[in-house]
Amino acid sequence: MAQHECHPVTTAIEKDDLVIPVIDFGPFLRGTPSDRHAVAISVTNAFKTSGFLYLKDHGIPFSTVSQVFEASARFFARPQDQKDSLCWTSPQSNRGYIKTGQEKLSLPEDTVDRDTDKPATPDLKETMEIGRDDVDGLPNRWPDHFDDEGKDFKKVMQSFFGMCKSLHTEVMRAIALGMGLPEHYFDDFVDAGDNNLRLLHYPSVPKDVFKKNPGQVRAAEHSDYGSITLLFQDRRGGLQVRSPKGTFVDATPIADTVVVNAGDLLARWSNDIIKSTRHRVVEPPSIVGVDANDSSDTYPARYSIAYFCNPNMNKFIEALPGTFGEETSQAKKYPGITTGDYLVQRLTATI
């Protein structure tokens, strides 16, 4: 009982058998070994059950997150020709600008026949993809040559990328402890920082778009591809998580937290002990006290920031120790694959 009182885990969402907790990560970052272990168990249990959690006291200042949101909004407000000049070029690079309507998110079982099978309702969003800044032949598409604001954008995003990389390392250490592995088991798998910072802008959209097109969403039902995702939401909301009953439940924004969810590669790595849960972004729900008298026929813009975490691109990923064999009565469900090959397969299906 004492551990529970020292490391409170509150419930953010409990509906249709979907339970998503809020976990205080401070004791893991600054606490004793027993503190760290208790938090690690809470984190791993959330990934094993819902695949989602909210993390508070995660070490990234609120002021920094606000600065990144502001820089993102200014970038998306640039003239379209400037943004188009920074366009995304290939799944291997996965860097640059993707215009509204270009991307359709996919699930692992989806076909990659882009010409015949790509759905007719592309996502209502534009994005900017930022990767590691030191990979030969794969440069980021920075706007720093346009003006001073572009130079500031680059500095802000490079700094934030590093903060998120550090948080990724700490969450992977928590997962290691929670799964009975040495705390630093994943360090050599994630030290390169082969991650992607994705800035998202969901432009304002007429409300009747969703009525006229029943299949229309701001971001289609999908699961994420890598190990974990760090998602910073604005207050508009719209994120929904698929419950065990097949319904979609609102993952309402909670101030000063980051939503963390497991991705498909981590589920595969854990031999499906950890869940990669499907989610989507739909028209935003009303905000109490803000939208009560809203007679507008347009939904306002929404911004979010996703930091997609991956193992190093050259790492070979296969079932973790303790997830298969005689003790578990489980066989390895998947053949091994390098991170880079897996991610290119998945990204090729989206554009």
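We're numbering straight along the sequence, starting at 1. Heavy-atom basis, side chains included; hydrogens, waters and symmetry copies ignored. Note that this is a predicted model, so its numbers are computed, not measured.
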Trainee: Under 3.5 Å, is there a donor-acceptor pair between the side chain of Asn271 and the main chain of Ala331?
Mentor: yes
Trainee: Evaluate the side chain to side chain contact (heavy atoms under 4.5 Å, CB included) criterion for residues Ile130 and Phe153: first the C-alpha distance (whole Å), next the side-chain angles of each, then the deciding distance (0.1 Å), finally the verdict.
Mentor: CA-CA 11 Å; Ile130 300 167; Phe153 174 90; 4.2 Å; yes
Trainee: Where the side chain of Ser304 meets the backbone of Leu200, is there a donor-acceptor pair that is under 3.5 Å apart?
Mentor: no
Trainee: For Ile41, is there any backbone N or O sitting under 3.5 Å from a side-chain donor or acceptor partner on Thr44?
Mentor: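 Not a single qualifying donor-acceptor pair exists.
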Trainee: On a heavy-atom basis, which atom in Tyr303 and which in Ser72 lie closest, and how many Å separate them?
Mentor: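 Looks like CD2-OG, 4.3 Å.
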Trainee: Out of curiosity, Phe308 CZ to Leu197 CG, how far, rounded to the nearest 0.5 Å?
Mentor: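 It comes to 9.5 Å.
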Trainee: Looking only at heavy atoms, which two atoms of Leu320 and Ser270 are closest? And how far apart?
Mentor: CD1-CA, 4.2 Å
Trainee: Indicate, with yes or no, if the rings of Phe189 and Trp269 have centres closer together than 6.0 Å.
Mentor: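 So the answer is yes for these two rings.
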Trainee: So if you build clusters from Ile, Leu, Val, Met, Phe, Trp, Tyr with side-chain heavy-atom gaps below 4.5 Å, do Phe324 and Leu266 land together?
Mentor: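 No, because Phe324 and Leu266 fall into different hydrophobic clusters, even though each may have its own neighbours under 4.5 Å.
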Trainee: Testing the basics here: between Gly238 and Arg302, what is the closest heavy-atom pair and its distance to 0.1 Å?
Mentor: N-NE, 4.3 Å
Trainee: Backbone N or O of Leu18 within a donor-acceptor pair of the Asp16 side chain at under 3.5 Å?
Mentor: no
Trainee: Just how far is it from atom NZ of Lys333 to atom CD1 of Ile273, taken to the nearest 0.5 Å?
Mentor: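 If I round to the nearest 0.5 Å, the distance is 8.5 Å.
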Trainee: Taking C-beta and beyond as the side chain, do Val258 and Tyr307 meet within less than 4.5 Å on heavy atoms?
Mentor: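 Not in contact.
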Trainee: Indicate yes or no for a side-chain donor-acceptor contact from Asn196 to the backbone of Gly131 under 3.5 Å, with no hydrogens or angles considered.
Mentor: no
Trainee: About how many Å separate OG1 of Thr277 and CZ of Phe47, when rounded to the nearest 0.5 Å?
Mentor: 10.0 Å
Trainee: Which is it for Asp188 and Lys315 under the salt bridge (charged side-chain N to carboxylate O under 4.0 Å, His left out) test, yes or no, and what are the steps along the way?
Mentor: CA-CA 9 Å; Asp188 290 342; Lys315 288 297 186 181; over 6 Å; no
Trainee: Assess, by modelled atom type and distance only, whether the side chains of Asp224 and Thr229 contain a donor and an acceptor separated by less than 3.5 Å.
Mentor: yes
Trainee: With heavy-atom distances below 4.5 Å as the criterion, would you say the side chains of Asn94 and Leu343 are in contact?
Mentor: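 They are not in side-chain contact.
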Trainee: What pairs meet the ring pair (Phe, Tyr, Trp, His ring centres under 6.0 Å) rule with one or both residues in residues 242-267, with sequence neighbours excluded?
Mentor: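 As it turns out, there is no ring pair (Phe, Tyr, Trp, His ring centres under 6.0 Å) pair with a partner in residues 242-267 once direct neighbours are skipped.
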Trainee: Can you see which heavy atom on Cys309 is nearest to which on Asn195, and at what distance?
Mentor: CA-OD1, 3.4 Å
Trainee: Tell me, with the steps shown, if Arg141 and Tyr97 meet side chain to side chain contact (heavy atoms under 4.5 Å, CB included).
Mentor: CA-CA 8 Å; Arg141 311 298 304 275; Tyr97 171 74; over 6 Å; no
Trainee: Please report the shortest heavy-atom distance between Leu86 and Trp142, naming the atom on each side.
Mentor: CD2-O, 3.7 Å
Trainee: Could you give the distance from CZ (Phe146) to CD (Gln82), rounded to the nearest 0.5 Å?
Mentor: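 Reported value, rounded in 0.5 Å steps: 4.5 Å.
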Trainee: Quick check for you: to the nearest 0.5 Å, what is the distance between Thr339 atom OG1 and Asn312 atom CG?
Mentor: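 Rounded to the nearest 0.5 Å, the OG1-CG separation comes out at 7.0 Å.
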Trainee: One thing to verify: whether Glu129 and Arg95 come together as a salt bridge, which I'm taking to mean a side-chain N less than 4.0 angstrom from a carboxylate O.
Mentor: no
Trainee: Does the side chain of Phe76 come within less than 4.5 Å of Thr100's, by heavy atoms?
Mentor: no
Trainee: Kindly indicate whether the side chain of Asp272, heavy atoms from C-beta on, has any atom under 4.5 Å from the side chain of Gln330.
Mentor: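 They are not in contact (no side-chain heavy atoms under 4.5 Å apart), so the answer is no.
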Trainee: List, one per line, each side-chain donor-acceptor pair under 3.5 Å for residues 55-67, sequence neighbours excluded.
Mentor:
{"residue": "Asp57", "atom": "OD2", "partner": "Arg30", "partner atom": "NH2", "Å": "2.5"}
{"residue": "His58", "atom": "ND1", "partner": "Ile60", "partner atom": "N", "Å": "3.3"}
{"residue": "Ser66", "atom": "OG", "partner": "Phe62", "partner atom": "O", "Å": "3.2"}

Trainee: What is the distance from atom OG of Ser50 to atom CG of Asn261, rounded to the nearest 0.5 Å?
Mentor: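 Output value for this atom pair is 9.5 Å.
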Trainee: Looking only at side-chain N and O atoms, does Thr32 offer a donor or acceptor that is under 3.5 Å from a partner on Asp35?
Mentor: yes
Trainee: Hey, are the side chains of Val39 and Ile23 touching, using non-hydrogen atoms and a 4.5 Å cut-off?
Mentor: yes
Trainee: Would Asp17 and Ser243 count as having a side-chain donor-acceptor pair, cut-off 3.5 Å?
Mentor: no
Trainee: Within the side chain of Arg36, is there an N or O that forms a donor-acceptor pair under 3.5 Å with the backbone of Gly31?
Mentor: no
Trainee: I'd like to know if Asp147 and Arg78 make a salt bridge, using a cut-off of under 4.0 Å between side-chain N and carboxylate O.
Mentor: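 Salt bridge: yes.
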Trainee: Any chance you could lay out the side chain to side chain contact (heavy atoms under 4.5 Å, CB included) test for Lys99 and Gln80, step after step, and finish with the verdict?
Mentor: CA-CA 9 Å; Lys99 66 183 179 181; Gln80 190 64 42; 4.2 Å; yes
Trainee: Evaluate whether atom NZ of Lys83 has more than 12 neighbouring non-hydrogen atoms of other residues, nucleotides or ligands under 6.0 angstrom away.
Mentor: yes
Trainee: Would you kindly confirm whether Phe232 and Leu29 end up in one hydrophobic cluster when ILVMFWY residues are joined by side chain heavy atoms under 4.5 Å apart?
Mentor: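 Hydrophobic grouping puts Phe232 with Leu29.
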Trainee: Any donor-acceptor pair under 3.5 Å linking the side chain of Arg268 with the backbone of Pro335?
Mentor: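 Answer holds: yes.
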Trainee: Find out whether Ile20 and Val249 are in side-chain contact, i.e. whether some heavy atom of one side chain is under 4.5 Å from a heavy atom of the other.
Mentor: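 Of all side-chain heavy-atom pairs linking Val249 with Ile20, none is under 4.5 Å.
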Trainee: Report all side-chain donor-acceptor pairs from residues 154-167 shorter than 3.5 Å, counting only partners two or more places apart or in another chain.
Mentor:
{"residue": "Gln158", "atom": "NE2", "partner": "Asp133", "partner atom": "OD2", "Å": "2.5"}
{"residue": "Lys165", "atom": "NZ", "partner": "Asp191", "partner atom": "O", "Å": "3.0"}
{"residue": "Ser166", "atom": "OG", "partner": "Gly162", "partner atom": "O", "Å": "3.3"}

Trainee: Can you tell me if NZ on Lys332 sees more than 12 non-hydrogen neighbours from other groups inside 6.0 Å?
Mentor: yes
Trainee: Might you work through the side chain to side chain contact (heavy atoms under 4.5 Å, CB included) test for Tyr225 and Asn310, ending with a clear yes or no?
Mentor: CA-CA 8 Å; Tyr225 308 155; Asn310 307 303; 5.7 Å; no
Trainee: Which atom pair, heavy atoms only, marks the closest approach of Ala46 to Pro21?
Mentor: CB-CG, 3.8 Å
Trainee: In the structure I gave you, are the side-chain heavy atoms of Leu53 and Val43 within less than 4.5 Å of one another anywhere?
Mentor: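 SC-SC contact between Leu53 and Val43 confirmed.
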